[in-house]
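Numbering starts at 1 and runs along the sequence shown. Note that this is a predicted model, so its numbers are computed, not measured.
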Amino acid sequence: MIRKTKAQSSKPQTRKAKAGSRKPTLISQPTRIQSAGNKPKLIDEYIGRVNSRTSSASVAHMRSPAGWVEPGQTPAFDEFTIVLKGTLRVEHKNGSIDLAAGQAVIAHAGEWIRYSTPRKGGAEYIAVCLPAFSMETVHRDEV
């Protein structure tokens, strides 16, 4: 975001804070969420339906072990994933993508996908869902 200092702008500020306006909400810690898949995976939700009662978006820190795979899904939300460590595989109807640390992927609502961590060391990543993740809208394959 670019901010103008007083020296850069001679225009007076036009926005005024409304009386009783809201302040930022501190998220002091995440909530550990139960994972799906063949092995235990750590999901720490910072923002979402469970931890912050937010339905517009969810943000979670994921850590999955090598060999983890979850059921396929056709979610009704967009999911933005950034890999921090390791390799995350994203299967889709036309193939698969292996993401390394520093890479990201967008899984679009209505697309079938399946996440896994096939390589040694597993993966650590951040997932952002718009609107927020819910069991009612993830539409997982029956196993």
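Under the 3.5 Å distance criterion, with hydrogens and angles disregarded, no donor-acceptor pair is assigned to the side chains of Ser56 and Thr54. The closest side-chain donor-acceptor pair between Glu45 and His61, if any, does not fall under 3.5 angstrom.
Taking the side chain as every heavy atom from C-beta outward, Cys129 and Ser58 approach each other to under 4.5 Å. Side-chain contact between Thr87 and Arg89 is absent, with no heavy atoms from C-beta onward closer than 4.5 Å. In this structure the side chain of Leu84 reaches within 4.5 angstrom of the side chain of Ile126, judged on heavy atoms. At a threshold of 4.5 Å between non-hydrogen side-chain atoms, the residues Lys85 and Arg63 do not count as touching.
Counted within 6.0 Å of NZ on Lys39, heavy atoms from surrounding residues, nucleotides or ligands total more than 12; the atom is thus considered enclosed.
Nearest heavy atoms, Glu79 versus Thr81: CG-OG1, 3.8 Å. Between Ala66 and Gly121, the closest heavy-atom pair is CB-N, 3.9 Å.
When hydrophobic side chains of Ile, Leu, Val, Met, Phe, Trp and Tyr are connected at separations under 4.5 Å, Val90 ends up clustered with Ile33, Ile43, Val50, Met62, Trp68, Val83, Leu88, Ile97, Leu99, Val105, Ile113, Tyr115, Tyr125.
Formation of a donor-acceptor pair under 3.5 Å by the Asn51 side chain with backbone atoms of Tyr46 is found in this model. In terms of modelled atom types and a separation under 3.5 Å, the side chain of Asp78 and the main chain of Ala109 share a donor-acceptor contact. With hydrogens and angles ignored, the 3.5 Å screen pairs a side-chain donor or acceptor of Arg49 with a backbone N or O of Phe133.
For the atom pair CD1 (Ile47) and OG1 (Thr31), the distance works out to 12.0 Å, reported to the nearest 0.5 Å. Rounding to the nearest 0.5 angstrom, the gap separating the CD atom in Glu124 from the OG1 atom in Thr117 is 12.0 Å. For the atom pair CG of Asn38 and NZ of Lys41, the computed distance is 11.0 Å after rounding to the nearest 0.5 Å. Here the CD-CG distance, from Glu91 to Asp98, works out to 9.5 Å after rounding to the nearest 0.5 Å. To the nearest 0.5 angstrom, Phe77 atom CZ is 13.5 Å from His108 atom NE2.
By the salt bridge (Lys or Arg N to Asp or Glu O under 4.0 Å) test, Asp141 pairs with no residue at all, sequence neighbours left out.
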Quiz: residues 69-76 side-chain donor-acceptor pairs under 3.5 angstrom, not counting sequence neighbours:
none

